[in-house]
Amino acid sequence: MDLVLAMDLKGNLVVHGKSGQRETYKPLEWGCSPTAEPVGFVKSIAPRFIYIADLDRIEGTGSHDRIVRECARNVASCHIDRGCRSPDDLLTGYHIKNIVGTETGGNDLSCYSGGFLSIDIKGGRVIPSGRDPVDMIRQANGWRFEGCIILNIGAVGTENGLNRETLETMRAAYHRKLFWGGGVASTADIEMLCDAGFDGAIIATALHHEKIPLSWIRRGRVC
């Protein structure tokens with residue numbers, strides 16, 4: 001299973017917050033990196049894989065495309081959610097894998113090809129449609145994405161941990177690569193994701209709180 005370092009970008013800095021309350025996110029000036037400047041952040045932590053959420057572009061207030069490309073050059077793979085709104089709205093560059101999030105991707109997700117689908121969840125429902133996540137995951141089997149990310153936005157930054165039954169139900173519903181992000185609190189949660197058959201885990205807060213070894217994120221794989 002891949003281990004992927006999550007980075008939220010806002011105002012040209014790596015920021016941190018909880019539960020998707022983006023107006024409260026602050027520069028990540030603690031943790032594993034001495035700097036919140038994105039490229040320096042990546043070079044300091046030296047992860048193999050990164051996931052970037054460009055919060056400014058998702059909200060339509062700015063863009064970090066140049067910074068994202070620079071970060072991507074320093075890793076083996078960079079998953080990027082930049083608020084894609086159509087199949088023409090994708091980022092090109094070395095090591096970049098585009099993410100189409102349900103939050104911004106529009107009503108017809110079948111029109112995209114390649115990259116990853118992010119099923120963005122708040123309060124147990126997919127945003128913005130309010131659909132049941134498992135139903136949407138099942139439908140996603142018929143779309144042309146390389147894989148899918150279950151992003152529990154409400155759990156981001158909380159370290160609340162995971163529920164085994166939920167993981168097993170979602171894994172059984174999808175037949176391609178499946179990653180989980182949000183609420184991963186410990187190595188026990190990583191083991192639970194491995195046991196459930198997930199292909200990747202996206203982590204941040206637990207790493208910065210030293211609950212998951214830095215060596216794991218640098219290696220980029222467990223189990």
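As the structure is a computational prediction, the values presented were derived from the model and not from experiment.
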In one Ile/Leu/Val/Met/Phe/Trp/Tyr side-chain cluster, 4.5 Å: [X], [Y]:
X: Y112; Y: M136; value: yes
X: L13; Y: I80; value: no
X: W30; Y: L214; value: yes

Report yes if the side chains of [X] and [Y] come closer than 4.5 Å at any heavy-atom pair, otherwise no.
X: M170; Y: V134; result: yes
X: M7; Y: C71; result: yes
X: I153; Y: I121; result: no
X: S33; Y: L28; result: no
X: T102; Y: S129; result: no
X: D195; Y: R164; result: yes
X: L9; Y: L55; result: no
X: P38; Y: N12; result: no

Can you give me the closest heavy-atom contact between [X] and [Y], atom names plus distance?
X: A196; Y: R171; answer: O-CG, 2.9 Å
X: P133; Y: G124; answer: CD-O, 3.3 Å
X: V75; Y: H95; answer: O-ND1, 2.8 Å
X: L3; Y: I203; answer: CD2-CD1, 4.4 Å
X: D56; Y: H64; answer: OD2-CE1, 3.1 Å
X: R69; Y: T92; answer: NE-O, 2.8 Å

Check whether [X] reaches the backbone of [Y] with its side chain - one donor and one acceptor, N or O, closer than 3.5 Å.
X: R218; Y: I45; answer: yes
X: R82; Y: V68; answer: no
X: R144; Y: S113; answer: no
X: N141; Y: A173; answer: yes
X: E210; Y: I212; answer: no
X: T169; Y: E165; answer: yes
X: D120; Y: I127; answer: no
X: D135; Y: R131; answer: no

What is the distance from atom [atom1] of [X] to atom [atom2] of [Y], rounded to the nearest 0.5 Å?
X: S63; Y: L91; atom1: OG; atom2: CG; answer: 8.0 Å
X: L193; Y: F198; atom1: CG; atom2: CZ; answer: 6.0 Å
X: L117; Y: Q139; atom1: CG; atom2: CD; answer: 10.0 Å
X: C32; Y: F41; atom1: SG; atom2: CZ; answer: 7.5 Å

Do [Y] and [X] meet the salt-bridge criterion of a basic N to acidic O distance under 4.0 Å?
X: E146; Y: K97; value: yes
X: D54; Y: K10; value: no
X: D89; Y: R57; value: yes
X: R219; Y: D2; value: no

(request) Test F116 against every option in Y51, Y174, W143, F179 by the ring-ring contact (aromatic ring centres under 6.0 Å, His included) rule and name the one that passes. (result)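 Of Y51, Y174, W143, F179, ring-ring contact (aromatic ring centres under 6.0 Å, His included) with F116 is met by F179 alone.
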(message) Is it the case that the side chains of S86 and D88 hold a donor-acceptor pair, with the cut-off being a distance below 3.5 Å and no angle test?
(response)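 Short answer, no.
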